[in-house]
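For reference, the structure discussed in these notes is given below.
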Amino acid sequence: MQALERDLQAERASALARIADLFERAFEAWQALKAGEVPPLSSPEAELERRNEIRDLATERLWMLIVQRESVGLRDHREILQRVPLEIRKRIGPRRGLGRTPR
């Protein structure tokens with residue numbers, strides 16, 4: 001039984017590392033967009049759509065990261081949340097999809 005628990009904890013830690021990487025990449029994309037480091041798109045509508053997509057992806061991955069941290073017993077998320085803009089923090093959770101109500 002201890003071996004099983006050890007294996008489960010190792011898998012949780014591995015999943016945490018993968019999800020942390022996914023969040024970092026999404027957050028870096030958000031920061032690059034906000035800093036004007038990405039080429040503009042052809043229309044304001046396309047710009048808004050891209051901005052919303054990147055924001056929502058970063059938001060969802062932040063949520064996934066926090067859930068995974070909780071699963072390995074890490075309960076204090078202040079260090080992560082302090083560097084994330086309010087615009088992302090206030091929308092934390094899974095991305096909107098079909099059948100979900102808008103936030």
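Computed from a predicted structure; not experimentally measured.
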Heavy atoms, side chains only, cut-off 4.5 Å: are Ile19 and Val67 in contact? no
In short, Pro85 meets Trp30 closest at the heavy-atom pair CG-NE1, 3.8 Å
Rounding to 0.5 Å, atoms CD (Glu60) and CG (Leu65) come to a distance of 12.5 Å
No-hydrogen, no-angle side-chain donor-acceptor test under 3.5 Å, Arg18 and Ser14: yes
Task: Non-hydrogen side-chain atoms of Leu62 and Leu81 separated by less than 4.5 Å - done: yes
Rounded to the nearest 0.5 Å, the CG atom of Leu33 sits from the CD atom of Glu53 at a distance of 11.5 Å
CZ (Arg61) and CD1 (Ile88) are apart, to the nearest 0.5 Å, by 12.0 Å
I'd like to know whether CD of Glu5 has more than 12 heavy-atom contacts from other residues, nucleotides or ligands below 6.0 angstrom.
yes
Less than 3.5 Å apart, any donor N or O on the side chain of Ser71 or Gln68 sitting next to an acceptor on the other? yes
For this session: Step by step, work out the side chain to side chain donor-acceptor pair (under 3.5 Å) result for Arg6 and Gln9.
Result: CA-CA 5 Å; Arg6 193 172 43 251; Gln9 194 65 5; over 6 Å; no
Worksheet item: Does any N or O in the side chain of Arg12 come within less than 3.5 Å of the main-chain N or O of Val72, such that one atom is a donor and the other an acceptor?
Response: no
**Study point:** Neighbour count above 12 (heavy atom, 6.0 Å) for Glu49 CD
**Key:** no
One should read off an interatomic distance between Glu87 CD and Lys34 NZ, to the nearest 0.5 angstrom, of 5.0 Å
Scanning both residues in full, the closest heavy-atom pair of Ala46 with Leu41 reads O-CD1, 3.4 Å
| Are any non-hydrogen side-chain atoms of Leu16 and Leu74 less than 4.5 angstrom apart? | yes
Output for pair (Lys90 NZ, Ile92 CD1), nearest 0.5 Å, gives 13.5 Å
Heavy-atom side-chain proximity of Val84 to Phe23 below 4.5 angstrom | yes
For Glu47, the side-chain hydrogen bond (donor to acceptor under 3.5 Å, both in side chains) test, sequence neighbours excluded, returns Arg50
Can you tell if the side chain of Glu70 reaches within under 4.5 Å of the side chain of His77, non-hydrogen atoms only? yes
Taking every heavy atom of Ile54 against every heavy atom of Ala26, the minimum-distance pair comes out as CG2-O, 4.3 Å
